[in-house]
Amino acid sequence: MEDDETLGAAREWLRHRVDEGATCPCCTQFAKVYRRKINAGMAHALIHMYRHAQTEWFYLPDITSRWQGRDEAGLRYWALIEELQEKREDGGRAGWWRITPLGHRFVLREVRVPKYARVYDGRCLSLTGEPVSITDALGDKFDYDELMNN
């Protein structure tokens, strides 16, 4: 990329490299599309959310204090949970979430979702891969029936 290129040219240049990752010629930030898998920890967290709140709003830090989760907010990429858009007085995020109708159906093993989310800058660009059930996502790490019945 030359220094006298236009912003449009820089965007086009980066667009062709972002799947593998590249340094942006404008801001020098590393830009990459990440492929995130719906995993056992996410499925486990979703079941806990379901058992705690069904489809009502819940305060995520209260739920996650019961286990050491890290990926639960990633469930939003598959539209399995949604965040309340209301902000705190200080402008921060409120921390309130709920399971979506799709998430509810996923927990109950009524639907499958694509295995991967393509994520860039905290946004899901698309979902790809073979459809998986919540049981598939849990894998051998957790037992679905045990989680749902405890």
Side-chain angles (χ1 to χ4, degrees), residues 11-150:
R11 284 182 179 156
E12 186 63 24
W13 180 89
L14 187 58
R15 190 173 293 119
H16 292 289
R17 291 163 178 79
V18 76
D19 283 325
E20 293 79 34
T23 300
C24 175
C26 299
C27 70
T28 69
Q29 178 178 329
F30 185 73
K32 180 171 175 55
V33 172
Y34 293 93
R35 191 170 88 155
R36 301 287 185 222
K37 177 182 172 184
I38 189 162
N39 61 45
M42 291 173 166
H44 178 243
L46 189 62
I47 288 172
H48 276 283
M49 292 173 194
Y50 172 81
R51 294 193 66 229
H52 175 77
Q54 298 283 318
T55 56
E56 298 298 318
W57 291 103
F58 56 87
Y59 187 59
L60 188 59
D62 287 348
I63 302 276
T64 57
S65 67
R66 297 176 187 185
W67 74 89
Q68 290 204 271
R70 295 187 317 249
D71 295 332
E72 54 278 339
L75 292 162
R76 72 186 183 279
Y77 300 138
W78 287 267
L80 300 174
I81 63 172
E82 63 183 344
E83 185 177 18
L84 183 66
Q85 295 305 305
E86 186 176 295
K87 299 288 184 188
R88 296 187 318 240
E89 285 183 21
D90 65 3
R93 297 164 79 170
W96 289 89
W97 294 77
R98 72 175 168 195
I99 298 176
T100 64
L102 176 64
H104 187 255
R105 293 183 65 215
F106 184 68
V107 167
L108 297 178
R109 299 191 285 196
E110 297 173 356
V111 297
R112 295 171 175 258
V113 298
K115 190 173 191 173
Y116 301 101
R118 294 180 63 247
V119 178
Y120 178 74
D121 195 24
R123 294 183 320 269
C124 181
L125 301 178
S126 64
L127 299 174
T128 64
E130 71 272 8
V132 294
S133 68
I134 194 164
T135 308
D136 297 331
L138 288 168
D140 296 332
K141 198 169 184 178
F142 298 104
D143 179 84
Y144 175 85
D145 293 321
E146 184 178 318
L147 290 173
M148 288 296 285
N149 294 318
N150 279 333

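Here the structure is a predicted model, which is why all the values come from computation and not from measurement.
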Value for CD1 (I81) from CG (L46), rounded to nearest 0.5 Å, stands at 7.5 Å
Give every donor-acceptor pair under 3.5 Å between a side-chain atom in residues 28-38 and any protein atom, sequence neighbours left out.
| from | atom 1 | to | atom 2 | distance (Å) |
| --- | --- | --- | --- | --- |
| K32 | NZ | D19 | O | 3.2 |
| K32 | NZ | E20 | O | 3.4 |

With sequence neighbours excluded, what pairs up with E12 under the side-chain hydrogen bond (donor to acceptor under 3.5 Å, both in side chains) test?
-> R15, H16
State which residues pass side-chain hydrogen bond (donor to acceptor under 3.5 Å, both in side chains) with R17; sequence neighbours excluded, sorted by chain then number.
-> none
Selection residues 115-141 - residue pairs positive for ring pair (Phe, Tyr, Trp, His ring centres under 6.0 Å), sequence neighbours left out = none
Not counting sequence neighbours, which residues clear salt bridge (Lys or Arg N to Asp or Glu O under 4.0 Å) with D145? List them please.
-> R109
Return the minimal non-hydrogen interatomic distance between V107 and Y144, and the atom names on each side.
-> O-OH, 2.6 Å
Atom of F106, atom of V113 and distance for their closest heavy-atom approach = CE1-CG2, 3.7 Å
Quick one: does W78's side chain have a donor or acceptor within less than 3.5 Å of a partner on P114's backbone?
-> yes
Looking at residues at least two apart in the chain, or sitting in another chain, which of them share a ring-ring contact (aromatic ring centres under 6.0 Å, His included) with F142?
-> H44
From E72 CD over to H48 NE2, what is the distance, rounded to the nearest 0.5 angstrom?
-> 11.0 Å
Could you go through the side chain to side chain contact (heavy atoms under 4.5 Å, CB included) check for I99 and L80 one step at a time?
-> CA-CA 6 Å; I99 298 176; L80 300 174; 6.0 Å; no
Could you pull out the closest heavy-atom pair between H52 and F58, with the gap in Å?
-> CD2-CB, 4.1 Å
Side-chain donor-acceptor distances from residues 121-138 under 3.5 Å, at least two apart:
| from | atom 1 | to | atom 2 | distance (Å) |
| --- | --- | --- | --- | --- |
| D121 | OD2 | R123 | NH1 | 3.4 |
| S126 | OG | R118 | NH1 | 3.3 |
| E130 | OE2 | K115 | NZ | 3.3 |
| S133 | OG | T135 | N | 3.3 |
| S133 | OG | D136 | N | 3.0 |
| S133 | OG | D136 | OD2 | 3.2 |
| D136 | OD2 | R112 | NH1 | 3.0 |
| D136 | OD2 | S133 | N | 2.9 |

Carboxylate-amine/guanidinium proximity below 4.0 Å for E82 and R98 = yes
